[in-house]
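Have a look at the structure below, then the notes.
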Amino acid sequence: MAEKTEKLKPKQAIKALAQVARQVYKAAPLAVVVKLIDAVIDAVLPLLTAYLVAQATTALLDAYNGVSGAGDRAIELVIATYIIGLAGLVWSTISRYISEYAQMRITNMMADKLIDKFTNLEFSQYDNKDIVDLYDKADNFTFYAPRVFDDIARIFSSFVQIVIGLVALVAIKWWFGVILLMAVIPSAIVQLKVSRMQTAFWRSNVSKRRTAGDIRWNIFKPKELLETRPYGVAGYLVDLYRKLRNEDTYRRVELERAYIPRRMFTSSIEAVAQLVVEVSIVIDIINHAQPIGQFVYVQQLVSRVIGSFSTLSNTFNGIDEHLATLYDYQKFLAIPVQDDSGLVVGAFPAAIHIDAVSFTYPGSKRRALRDVSLTIHRNQHIAIVGENGAGKSTLVKLLLGLYNPTKGEIMLDNTNLAAVTKQSWHTFVSVLQQDFVQYWFATAKENVFFGDVSRPFNEVRYKLAVEKASAKDFIAKLSHGRDTLLNKWTNHDDDTHGVEISGGQWQRLALARNFYRDTPLIILDEPTSAIDALAEAKIFDHLFKEPNKTIITVSHRLSTIKKADVIYMMKDGRIAKEGTYQQLVDEKGEFYQMFESQIKQ
C-alpha cells in the first residue's frame with residue numbers, strides 16, 4: 001500500500017509556517033534576519049542593476065551624439081553598477097556562510113530533539129511499528145526544516161520582485177503591468193497543476209521507490225553479492241530494480257509530456273505579452289518618447305516578473321510537502337517518554353519472584369505468557385528452555401523491566417519491579433540477547449568498554465573480560481590488536497583498512513562486554529549460538545565459577561543448560577516442566593524428547 005503524507009489545509013499550513021519560523025529563529029536568530037535581508041536584496045538588486053544599465057545605455061548614446069556631460073554621467077553610472085555588483089558579491093559570500101551555519105544549527109537542533117525523544121521512549125514503543133514509522137517520517141523534517149526556511153525566503157523574494165517589477169512597468173505605461181499580469185496567470189496555473197500531479201504521483205509511488213532504493217543500496221554491496229551472485233539472483237534483482245526505477249521515472253516524464261501542449265500555449269501567451277510590451281517600448285524610443293536605455297530596463301523587468309511567477313508557483317506548491325513532515329515531527333515529539341520516577345533499587349535482591357505473570361504484547365490478541373510463576377534466588381544458575389515462540393525471550397524482557405506484566409507481578413524481594421526506576425534496576429543487570437549489537441564503527445576494545453561507559457576505562461576489568469569470553473587470542477591477532485576497527489570499509493589513522501570478523505568472534509566480544517559490565521545478574525539469551533562447543537564449554541566454566549553471580553540462560557544447547565541449578569521448560573507461554581537436569585532426563589517427558597538427540601550423543 002502506498003504511504004500517504006498528510007496534506008495540510010491552508011490554515012494548518014500558515015500555522016505550520018509560523019511554527020517553522022519560531023523554531024528556526026530560536027536555533028539561529030541572526031540567520032533569520034540575514035535571510036530576510038538577503039531575500040530583499042535578491043529581489044531588488046537585479047532590478048536596480050537593470051535600471052542603472054538602462055540609464056548608462058542612454059547616457060552613452062547621448063555622449064556619442066555629443067551631449068555635454070553625458071560621458072561623465074555614463075562613467076558614473078557604470079561605476080555605480082560595478083559597486084552595486086561588487087557589494088552584491090560580498091553580501092552573497094557573507095550570506096552564504098551564514099546560511100550554511102544556520103542550516104547546520106537548524107538541522108542539529110531538530111535532530112537532537114528527535115534523537116533525545118526516541119532514546120527515551122517507553123521500551124515497549126520500540127516494538128510498535130506505527131511509532132517507528134512515525135519516527136522515520138519525523139526524521140525527514142530534520143532534513144526539510146532548513147529547506148522550508150529557504151522556501152519561505154524564496155517566496156518572499158519572488159513576491160517582492162513581482163510587486164516591484166509590476167509597479168515599475170505600470171510607472172512606465174500602466175497597461176504594461178496589466179497585460180503582463182494577465183499573461184503569467186495561466187502559466188502559473190498550469191505549472192501548479194503539473195507540480196501537484198508530480199507530487200501526488202511521488203506520494204503514491206513511495207513503496208516502489210523505497211523497494212528500488214533498498215535493492216540498490218542494500219543488496220548491491222560486496223557482502224551481499226557473495227550470496228546473490230552464486231545463487232543467480234543478482235541479475236534478477238538488477239532487472240527488478242530497473243523495472244521499478246523505470247516505472248517511477250518514466251511515469252513522471254509522461255506526466256510532463258501530457259502537459260506539453262498546455263505549457264506551449266501558456267508560454268506563447270507570455271511570449272506574445274512580452275513581445276507587445278517590448279515592441280511598444282521600441283516604438284516609443286523610435287518616436288523619441290522614451291530614452292533608448294528604457295528598452296533594456298523594460299526587457300529585464302518583464303523577464304524578472306515572468307521568472308519570479310514561475311519560482312513562486314513551484315515553491316509554494318512544494319512547500320506543503322515539507323510542512324507535512326512538520327506535522328509528523330510534532331506528533332512524534334508529543335509521544336510520552338519513559339517515566340523513570342519511582343523507587344531506586346539500592347541493592348541486588350535476595351530473590352526475584354515471578355508471581356502468576358501473564359503478558360500480551362500491545363496490539364496483539366495472543367497471550368505471550370500465561371500464569372508464569374517461578375523464583376530466582378541470588379547466586380542461583382537457572383536455564384529456560386523451550387521451542388521457538390514458547391515465551392522465553394518475552395520473559396527476559398519482563399525481567400529487564402522493558403514491559404510490565406499484563407497480569408501478575410515481578411517482585412524484587414518485597415518491591416514490585418513496576419514501581420522501581422528502570423535505570424537503577426539496569427545497573428544490576430547484564431544481558432546478551434540473540435540479536436546483540438555489533439558496534440562495527442568501533443574498535444575491539446571499545447566494543448568491550450561499551451559494557452560500562454558510566455566509569456572510565458578499566459584495564460584490569462578489560463583483561464579479565466576478554467579472558468573469560470575466550471576473546472583474548474583472536475583480538476591479539478588483529479592487525480592493530482584491540483585498537484583494530486571492526487569494519488573493513490573504514491580506515492585507521494595510518495590509512496590501513498579495518499577488518500571483518502566472524503559471527504563467533506562478534507559473539508565473544510559481546511560476551512566480553514557483559515563480563516566487563518560485571519553485574520550481579522547476567523541474562524544470556526542464546527549466548528553462544530555462533531561459538532564452537534569447545535570454546536563454549538570454556539566460557540561457561542569461567543562463568544559458573546564466578547562468585548556472587550545470578551545467571552539466567554536461555555539456550556537450545558544441552559551442554560549449556562545441564563550446568564544450571566534449575567531448568568524451566570516453557571511451552572505455549574507457560575512453565576510446562578521444572579527441575580534439575582537429571583530429574584527432567586529421568587522423567588523422559590517433553591524435556592527428554594526435545595533434547596533426545598543431544599542426550600544420546
Side-chain angles (χ1 to χ4, degrees), residues 39-88 155-191 262-314:
V40 174
I41 290 175
D42 281 347
V44 174
L45 201 61
L47 299 179
L48 179 59
T49 301
Y51 174 78
L52 292 175
V53 169
Q55 293 296 310
T57 302
T58 300
L60 280 172
L61 180 63
D62 289 343
Y64 182 80
N65 290 325
V67 176
S68 176
D72 292 339
R73 176 169 168 74
I75 292 172
E76 290 171 357
L77 288 167
V78 169
I79 292 173
T81 303
Y82 170 79
I83 291 172
I84 289 174
L86 181 61
I155 289 172
F156 179 68
S157 179
S158 297
F159 180 76
V160 170
Q161 194 162 82
I162 289 168
V163 171
I164 293 176
L166 290 175
V167 169
L169 286 169
V170 168
I172 296 170
K173 278 192 175 182
W174 70 267
W175 60 268
F176 280 5
V178 174
I179 193 174
L180 192 60
L181 181 62
M182 293 176 62
V184 296
I185 288 176
S187 181
I189 292 173
V190 170
Q191 179 60 43
R262 300 183 198 184
R263 282 190 182 280
M264 291 177 66
F265 176 71
T266 56
S267 295
S268 298
I269 294 175
E270 289 179 354
V272 169
Q274 185 170 3
L275 178 64
V276 169
V277 169
E278 291 178 4
V279 167
S280 175
I281 201 70
V282 167
I283 292 172
D284 284 349
I285 291 171
I286 293 172
N287 293 328
H288 301 283
Q290 294 282 355
I292 192 168
Q294 202 75 315
F295 175 79
V296 176
Y297 185 43
V298 168
Q299 193 274 335
Q300 284 294 308
L301 288 174
V302 171
S303 297
R304 293 288 174 178
V305 169
I306 292 174
S308 295
F309 256 105
S310 178
T311 300
L312 186 66
S313 60
N314 285 335

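Keep in mind that the numbers below use all heavy atoms, side chains included, and drop hydrogens, waters and symmetry copies.
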Working for side-chain contact (heavy atoms from CB on, under 4.5 Å), residues Ile281 and Phe176: CA-CA 10 Å; Ile281 201 70; Phe176 280 5; 4.1 Å; yes
Stepwise side-chain contact (heavy atoms from CB on, under 4.5 Å) check, Leu301 with Leu180: CA-CA 10 Å; Leu301 288 174; Leu180 192 60; over 6 Å; no
Pair Leu47-Arg304, side-chain contact (heavy atoms from CB on, under 4.5 Å): steps then yes or no: CA-CA 8 Å; Leu47 299 179; Arg304 293 288 174 178; 3.8 Å; yes
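For the atom pair CD1 (Ile179) and CG (Leu169), the distance works out to 11.0 Å, reported to the nearest 0.5 Å. Taking CD1 from Ile269 and CE from Met264, the interatomic distance works out to 12.5 Å, rounded to the nearest 0.5 Å. Separating the CD1 atom in Ile306 from the OG1 atom in Thr311 is a distance of 12.0 Å, to the nearest 0.5 Å. Once rounded to the nearest 0.5 Å, the distance linking CD of Glu278 with OG of Ser303 reads 6.5 Å. Rounding to the nearest 0.5 angstrom, the gap separating the OG1 atom in Thr81 from the OH atom in Tyr51 is 11.0 Å. Atom CG of Leu52 sits about 4.5 Å away from atom CD1 of Ile84, to the nearest 0.5 Å.
The closest side-chain heavy-atom distance from Ile172 to Asp284 is not below 4.5 Å. Between Gln294 and Pro291 the shortest side-chain heavy-atom distance falls below 4.5 Å. Two residues are said to be in side-chain contact when any heavy atoms from C-beta on lie closer than 4.5 Å; Gln161 and Val305 fail this criterion. Residues Trp175 and Ser280 have side chains in contact (heavy-atom distance under 4.5 Å, counting atoms from C-beta outward). Looking at Val190 and Phe265, their side chains never come closer than 4.5 Å, going by heavy atoms from C-beta outward.
Gln274 and Glu270 form no side-chain donor-acceptor contact under 3.5 Å, judged by distance and modelled atom types alone.
Here the closest non-hydrogen pair linking Val160 and Ala43 is CG1-CB, 3.6 Å. The minimum heavy-atom distance between Ile162 and Ser308, with the atom names listed, is CG1-CB, 3.5 Å. Scanning all heavy atoms of the two residues, the minimum distance from Thr266 to Ser187 falls at CB-CA, 3.6 Å. Between Ala63 and Ala70, the shortest heavy-atom contact is N-CB, 3.4 Å. Considering all non-hydrogen atoms of both residues, Tyr297 and Ala50 come closest at CD1-C, 4.0 Å.
The list of ring pair (Phe, Tyr, Trp, His ring centres under 6.0 Å) pairs with a residue in residues 268-288, not counting sequence neighbours, is empty.
Between the side chain of Thr57 and the backbone N or O of Gly293, no donor-acceptor pair lies under 3.5 Å. The main-chain N or O of Gly307 is never found under 3.5 Å from a side-chain atom of Ser310 such that the two would form a donor-acceptor pair. Between the side chain of Ser157 and the backbone N or O of Ala39, at least one donor-acceptor pair lies under 3.5 Å.
By the salt bridge (Lys or Arg N to Asp or Glu O under 4.0 Å) test, Asp62 is found to be paired with no residue, residues two or more places apart in sequence or in another chain being considered.
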